[in-house]
Every structure is written in C-alpha cells, then in structure tokens.
Asker: 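Please see the structure below; I have some questions.
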Amino acid sequence: MNKVIIYQIFTRLFGNRNQTNHANGTLQENGCGKMSDIDTSTLKRIRSLGVTHVWYTGVIRHATSTDYSAFGIPRQHSAVVKGKAGSPYAIADYYDIDPDLAVDVNKRMAEFEALVSRTHKAGMKVVIDFVPNHVARQYHSVCKPDGVCDLGENDDTNMHFSISNNFYYCWGQPFVPQFDLQGEEGERYCEEPAKATGNDCFGNNPGRNDWYETVKLNYGIDYCDAGGRSEHFSPIPDTWGKMTDILLFWASKGVDAFRCDMAEMVPAAFWSWATDKVKYRYPEIKFIGEVYDPSQYRNYIYAGFDWLYDKVGMYDCVRDVICGRQPASSISRQWQATDDIRNNMLYFLENHDEQRIASEFFAGDGKKGIPGLIVSALMQQNPFMLYAGQEFGEQGMDAEGFSGRDGRTTIFDYWTVPSLNRGYYNRRKLSKDEKSLEVVYSKVLNIAKTEKAVSEGSFYDLMYVNGNIGNSIYTFIRKYGKEILLVMANFSAMETDCGINVPRHAIEFLNISEGMFEATDLLTEEKYVITLKSDAYIETRVPAYGGRVLKIKQ
C-alpha cells in the first residue's frame with residue numbers, strides 16, 4: 001500500500017506560459033492555463049515526484065469578471081467578484097466547468113473528462129474541490145441535469161430561515177455592503193432581499209474583509225432564532241439532498257476524492273448523511289476536510305471524512321520550528337495530540353491559503369523547508385500534500401492584483417507562476433537551486449511512497465531520550481519487518497554532529513536485533529556501518545537544512 005502524496009495544482013495558473021503578468025490584467029492580457037496543458041508528459045513528471053493524487057483546484061465554474069455570455073454562461077457583476085479572474089470558492093454553477101480552463105468553451109466538460117482519464121492513465125487519482133458552505137452571489141446553474149431544481153429556485157424569500165430554503169434572507173432589506181456596488185459595467189449591483197454572506201455574516205451589510213462575494217448555504221441551522229443557534233434536521237433539509245446529488249454527479253465523472261472547503265462550517269450531521277450515500281455508490285472515494293478546530297476533528301472523522309487538514313497543530317508547529325520560534329522537540333507534542341486519529345491527519349507545508357516557504361513572510365528560502373518536508377512526509381503513515389511550485393522554491397512574492405504582495409500565489413487573478421513554467425515547460429531555464437531542491441523533494445517523497453517502513457511501518461519518537469542534541473534536530477525510527485529507517489532532520493543553518501540514543505524500550509518495542517549493521521542514507525546513497533544496541537549512541541553528522549534517512553536491513 002502506497003502512502004498518499006497529494007499534489008495541489010491551481011489549474012488556472014499551472015500551464016499558463018504567458019509572461020505578461022500585468023497587475024489586475026485581464027484574461028486577454030495575462031492569459032490562462034488550460035486543462036490540456038496538463039498533458040501526459042506533464043503528468044508523468046508529476047508522478048515521478050512520488051505523487052499519488054492530483055488536486056485540481058478551481059475546476060468548477062465560479063464567478064469571474066470575464067464575460068462568457070456568448071456561450072450561454074450568465075455574466076457575473078464585477079462588484080461581487082474578487083479579482084479579474086474571481087475566487088474559485090465562489091461557485092457559480094456546481095454542475096459546470098470553469099470556461100477559462102477550456103480550449104473549446106463549448107466542450108469544457110469533455111476536456112475535464114479527458115483530464116481525469118489522462119491522470120488515471122498516468123497512475124494517479126483525481127481530487128477536486130467541493131465547496132459546501134457558500135456559493136457565488138449570483139449563483140445560477142445553466143448546466144444542471146434535467147429535473148434538478150436550482151439552489152434557491154423555490155426559496156421563500158420572506159423568511160429569514162426555513163428548512164426548505166437553500167439560503168438565508170434579510171427580509172425586506174436590500175444588500176448594502178460597506179463599499180460601493182458600482183461595477184465596471186456602469187451599473188450598480190442590486191440584491192433584495194439581501195442574502196446572508198458566506199462567513200456566517202447574517203446582516204445585509206458585510207464589510208470588505210467578509211466573504212461578501214458569497215452567499216451562505218442553509219443546512220438546517222437557524223443561527224438567529226430567539227433562543228440562539230438551533231438545529232432543524234428532521235425532515236431532511238432541502239440543501240442536503242441537492243448537495244449530495246452534486247457529489248454524486250462528480251463522482252460519476254471519475255473523481256476519486258473531494259477536498260471539502262471549510263467543512264467545519266457545515267454541520268457534521270450533513271456529512272454523515274452525505275458521505276454514507278456517496279460511499280455506498282462509490283466505496284473507494286475519499287473525503288478531505290478543511291477543519292481548523294482540533295476539538296471538532298473526531299466529530300468530522302466519525303461523519304465520514306478520511307483525512308483532515310492538520311493545520312492548527314502540525315503545520316503551525318513545523319512552521320514555527322522552521323522559523324526558529326519553537327524547538328524541534330515541540331513536534332512530538334503535536335503528533336501526540338492526534339495519535340488516536342494519526343492516519344486521518346493530512347500534513348502539509350504549503351497550500352493556496354498559506355504563504356510560500358520561500359517567501360519573505362515565511363522562511364525566505366525554499367531549502368529551509370527541507371527538514372520540515374522530511375518530518376512531515378516520513379513521520380507517519382498519513383497523507384502528505386504539497387503545492388505546485390513548492391518543489392522549486394516558488395516565492396509567491398508577486399503583487400498580482402486583487403491578491404497583493406503577501407507571500408501567497410494568487411487565487412483571484414490571471415497570472416503565470418515562473419517557477420512552474422521553468423519546471424514543466426522550459427526546464428533549461430531552471431536555476432541550479434531550483435534543480436537541487438526538486439531533487440530533494442523527489443527523493444523524500446519517493447521514499448515516503450515506496451518504503452514500507454513509512455507507508456505501513458511502526459513509528460517511534462526518539463526525542464524523549466535525546467534532549468542533548470539541541471533545539472534543531474528531530475529524530476525518529478520507522479520499522480517494517482526487518483527494515484529500519486533512522487530519520488534525522490536538521491532545522492539549523494549549521495551542519496550538526498550528534499549522537500542519537502536508541503533506548504532499550506525502542507529496541508524491545510520495535511523488536512530490533514542488536515549488533516553491527518550496514519546502513520545506507522537514502523538521500524545521498526552514502527554507506528555506513530552502525531551499531532544498534534540498547535542505550536548506545538549512533539554518531540552521525542546531519543547537514544544544514546537537511547537530514548539523514550538511514551536504511552538498515554537486519
């Protein structure tokens with residue numbers, strides 16, 4: 001069984017080779033990547049990294065300032081669209097594909113189906129977003145199957161809350177946010193009655209920092225009744241059935257997993273109901289939840305989620321260790337906090353919401369993330385995710401337009417990511433540092449994918465008996481059968497000599513034979529002879545911003 005390695009692609013940006021990169025540029029100025037750019041050779045290169053799943057972010061049609069009305073696609077008012085390209089999390093039609101991504105707009109669904117087929121033939125599975133909490137302000141499906149009622153189509157807009165409604169309404173009040181609704185079209189955006197905004201803003205005047213471009217979906221929770229928040233799940237709310245049908249629609253297209261946006265803003269009761277129905281039809285399908293409240297983790301796992309973001313725990317901790325704000329030993333507390341659900345936790349160092357490791361807001365250099373990669377990818381059996389460009393040290397320091405210079409790669413603008421262009425479409429232009437970082441990523445991720453000690457083996461944290469190795473080293477053992485991996489990660493800028501103590505309990509717990517053995521560093525192919533003995537020290541030198549993965553066969 002391979003360890004799951006997820007490669008997140010922001011589809012609009014990935015294959016775009018237009019180098020204009022004009023701030024706030026239009027589609028015509030800056031261009032846009034297409035699904036066809038992710039061809040067979042590109043997918044093979046992605047797979048060679050050790051990737052098992054590709055997450056195609058932003059493929060479902062969302063609100064955009066680009067006019068596709070000539071293709072029968074309703075135009076969105078620019079006052080309620082973020083950026084020229086729009087947010088992929090403001091879905092305008094759950095049953096449609098983003099026309100920006102198609103070579104032939106009229107064949108956009110067929111092009112998506114071809115992408116799914118290519119990905120499967122390349123030996124990888126397909127992940128797409130499911131955005132359950134909110135939709136675009138002007139949501140209207142033109143591609144829904146026959147017989148399907150649109151979201152909000154039969155709502156009683158005179159009621160703030162109804163179990164039969166898909167949206168929440170501010171009855172008798174127009175939408176009057178705290179900014180001008182004048183759009184580029186020369187007309188003001190009008191909405192009356194106002195619908196509640198996606199980030200649980202139930203008034204009619206959201207601010208600039210609210211998710212003003214979205215509308216909150218109603219799953220049977222009345223957030224504003226006289227007694228406070230109340231749940232109304234019987235009979236089954238109308239939204240439950242409609243959203244489950246959407247999941248089934250995409251599962252029928254060959255999608256293997258759903259990354260569920262802001263899953264904790266939707267009641268766990270819905271997820272139990274929906275995941276049961278989807279998995280009954282498609283038993284192998286997986287659900288990935290964006291859940292940030294650790295106290296809710298187990299509720300959502302019990303509700304059918306296979307993997308949850310470990311952001312507030314492991315990501316935040318490893319980032320602090322990389323930046324020197326916490327000692328490496330603090331990582332132990334984080335895995336211990338979720339040890340009972342360890343296989344359900346998804347580790348990562350980057351995604352579209354987080355700052356790039358190489359950005360000035362994080363570490364300033366992609367290689368400083370290598371020890372974090374080693375720990376996050378090799379420590380447990382659970383999945384690991386990386387964001388396209390991470391393997392080249394993408395900085396994310398452009399000021400693209402709606403997305404400012406914040407260390408993140410934009411999700412709102414038409415843009416191109418130079419490191420991805422070099423890495424996938426013009427490799428002669430890769431710098432020496434980009435090439436060397438990619439090699440490390442490939443080695444670590446392929447170790448994670450192919451070594452059974454990682455994908456299926458036992459884990460033993462050595463930190464409790466190695467307090468003498470300083471604040472920058474983290475070390476542990478993985479074991480499967482007669483194969484042992486002794487892993488060390490060095491978060492320091494200095495090459496470090498250290499003696500790693502393997503305690504008697506580790507020898508007994510892992511059933512390790514004592515004696516002298518040959519070891520191979522899987523990162524460098526260097527050979528060593530080491531002595532494994534209870535409470536004896538293994539002396540080694542760990543490179544700066546690097547690690548050792550010593551494979552020992554007994």
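None of these values were measured; they are calculated from a predicted model.
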Asker: State, yes or no, whether a side-chain contact exists between V54 and R47 at a heavy-atom distance under 4.5 Å.
Answerer: no
Asker: Quick check on K443: does its NZ atom have over 12 non-hydrogen neighbours (other residues, nucleotides or ligands) under 6.0 Å away?
Answerer: yes
Asker: Can a salt bridge be assigned to the pair D353 and K311 using a cut-off of 4.0 Å between side-chain N and carboxylate O?
Answerer: no
Asker: Take atom NZ in K279; do more than 12 heavy atoms of anything else shown fall under 6.0 Å from it?
Answerer: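 Yes, because the 6.0 Å sphere around NZ of K279 holds more than 12 heavy atoms from other groups.
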Asker: Is the shortest heavy-atom distance from the side chain of S332 to the side chain of Y474 under 4.5 Å?
Answerer: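 With C-beta onward as the side chain, the pair touches.
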Asker: If I compare all heavy atoms of K435 with all of L430, which pair ends up nearest, and what's the gap?
Answerer: CE-O, 3.7 Å
Asker: Is there a donor-acceptor pair under 3.5 Å between the side chain of N466 and the backbone N or O of N501?
Answerer: yes
Asker: Using 30° and 60° as the class boundaries, would you call the ring planes of Y424 and F14 parallel, tilted or perpendicular?
Answerer: tilted
Asker: Can you tell me how far CD1 of I473 sits from CG of N490, rounded to the nearest 0.5 angstrom?
Answerer: 3.5 Å
Asker: Rounded to the nearest 0.5 Å, how far apart are CG of L445 and CD1 of I5?
Answerer: 5.0 Å
Asker: Please lay out, stage by stage, how E438 and R422 fare under the test salt bridge (charged side-chain N to carboxylate O under 4.0 Å, His left out).
Answerer: CA-CA 12 Å; E438 182 191 25; R422 293 190 291 271; over 6 Å; no
Asker: Taking atom CD of Q19 as the centre, report whether more than 12 heavy atoms of other residues, nucleotides or ligands fall under 6.0 Å from it.
Answerer: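 Result for CD/Q19: enclosed.
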Asker: Indicate the atoms forming the closest heavy-atom contact of G31 with N18, along with that distance.
Answerer: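 Closest approach of G31 to N18, heavy atoms only: N-ND2, 3.6 Å.
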Asker: Under 6.0 Å from the CZ atom of R118, do we count more than 12 heavy atoms belonging to anything else shown?
Answerer: yes
Asker: Does this structure show an ion pair linking R259 with D261, if we count only N-O contacts that are shorter than 4.0 Å?
Answerer: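 Looking at R259 and D261, the cut-off is met.
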Asker: I want to check something: taking the side chain as every heavy atom from C-beta on, are K34 and L101 in contact at a cut-off of under 4.5 Å?
Answerer: no
Asker: Should R17 and T416 count as side-chain neighbours, where that means a heavy-atom distance under 4.5 Å?
Answerer: no
Asker: What do the steps show when you test Y545 against D365 for side-chain hydrogen bond (donor to acceptor under 3.5 Å, both in side chains), and what is the final call?
Answerer: CA-CA 10 Å; Y545 298 133; D365 187 341; over 6 Å; no
Asker: Is it true that E526 and R541 make a salt bridge, defined as a side-chain N closer than 4.0 Å to a carboxylate O?
Answerer: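 Here E526 does not pair with R541 in a salt bridge, since their nearest N and O are not under 4.0 Å apart.
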Asker: So, the side chain of N421 versus the backbone of N16: is there a donor-acceptor pair under 3.5 Å, distance only?
Answerer: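 The answer is yes, because a donor-acceptor pair under 3.5 Å joins these two groups.
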Asker: Of all heavy-atom pairs between V266 and Y300, which one has the smallest distance, and what is that distance?
Answerer: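 Heavy atoms only, the tightest pair is O-OH, 2.9 Å.
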Asker: Is the closest side-chain heavy-atom distance between I128 and K253 below 4.5 Å?
Answerer: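 They are not in contact (no side-chain heavy atoms under 4.5 Å apart), so the answer is no.
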Asker: Are K551 and E483 close enough for a salt bridge, meaning some N to O gap below 4.0 Å?
Answerer: yes
Asker: Using the six-membered ring wherever Trp is involved, compare the ring planes of Y387 and H352 and label them parallel, tilted or perpendicular (cut-offs 30° and 60°).
Answerer: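 Perpendicular, since the angle between the ring planes exceeds 60°.
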Asker: With distance as the sole test, does Q381 use its side chain to make a donor-acceptor pair with the main-chain N or O of E456 at under 3.5 Å?
Answerer: yes
Asker: Looking only at heavy atoms, which two atoms of E394 and A358 are closest? And how far apart?
Answerer: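 Heavy atoms of E394 and A358 come nearest at O-CB, 3.6 Å.
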Asker: Backbone N or O of I60 within a donor-acceptor pair of the D129 side chain at under 3.5 Å?
Answerer: no
Asker: Answer whether the closest heavy-atom distance between the side chains of K527 and T520 falls below 4.5 Å.
Answerer: yes
Asker: How many angstroms lie between CD in Q390 and OH in Y7, if you round to the nearest 0.5 Å?
Answerer: 9.0 Å
Asker: Are F258 and F287 close enough that their ring centres sit under 6.0 Å apart?
Answerer: yes
Asker: How about W335 and Y347: are their ring centroids closer than 6.0 Å?
Answerer: no
Asker: Would you call the rings of Y460 and F509 parallel, tilted or perpendicular, taking 30° and 60° as the class edges?
Answerer: tilted
Asker: With heavy-atom distances below 4.5 Å as the criterion, would you say the side chains of Y297 and D310 are in contact?
Answerer: yes
Asker: Taking everything shown except N209 itself, do over 12 heavy atoms lie less than 6.0 Å from its CG?
Answerer: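 No, the 6.0 Å shell around CG holds no more than 12 heavy atoms from other groups.
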Asker: Which heavy atom of L485 sits nearest to which heavy atom of I447, and what is that distance?
Answerer: CD1-CG2, 4.5 Å
Asker: Any chance you could measure W250, atom CH2, to D256, atom CG, to the nearest 0.5 Å?
Answerer: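 Here the interatomic distance stands at 14.0 Å.
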Asker: What distance separates N351 CG from R356 CZ, expressed to the nearest 0.5 Å?
Answerer: 9.5 Å
Asker: With a 3.5 Å distance limit and no angle check, can you tell me whether S442 reaches the backbone of V439 through a side-chain donor-acceptor pair?
Answerer: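 The answer is no, because no donor-acceptor pair under 3.5 Å joins these two groups.
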Asker: Evaluate the side-chain proximity of T450 to S455: yes if any heavy-atom separation is below 4.5 Å, no if none is.
Answerer: no
Asker: If I take atom CD1 from residue I507 and atom CD1 from residue I512, how far apart are they, to the nearest 0.5 angstrom?
Answerer: 4.5 Å
Asker: Quick one: do D316 and R319 satisfy salt bridge (charged side-chain N to carboxylate O under 4.0 Å, His left out)? Show the steps, please.
Answerer: CA-CA 5 Å; D316 284 351; R319 175 169 176 155; over 6 Å; no
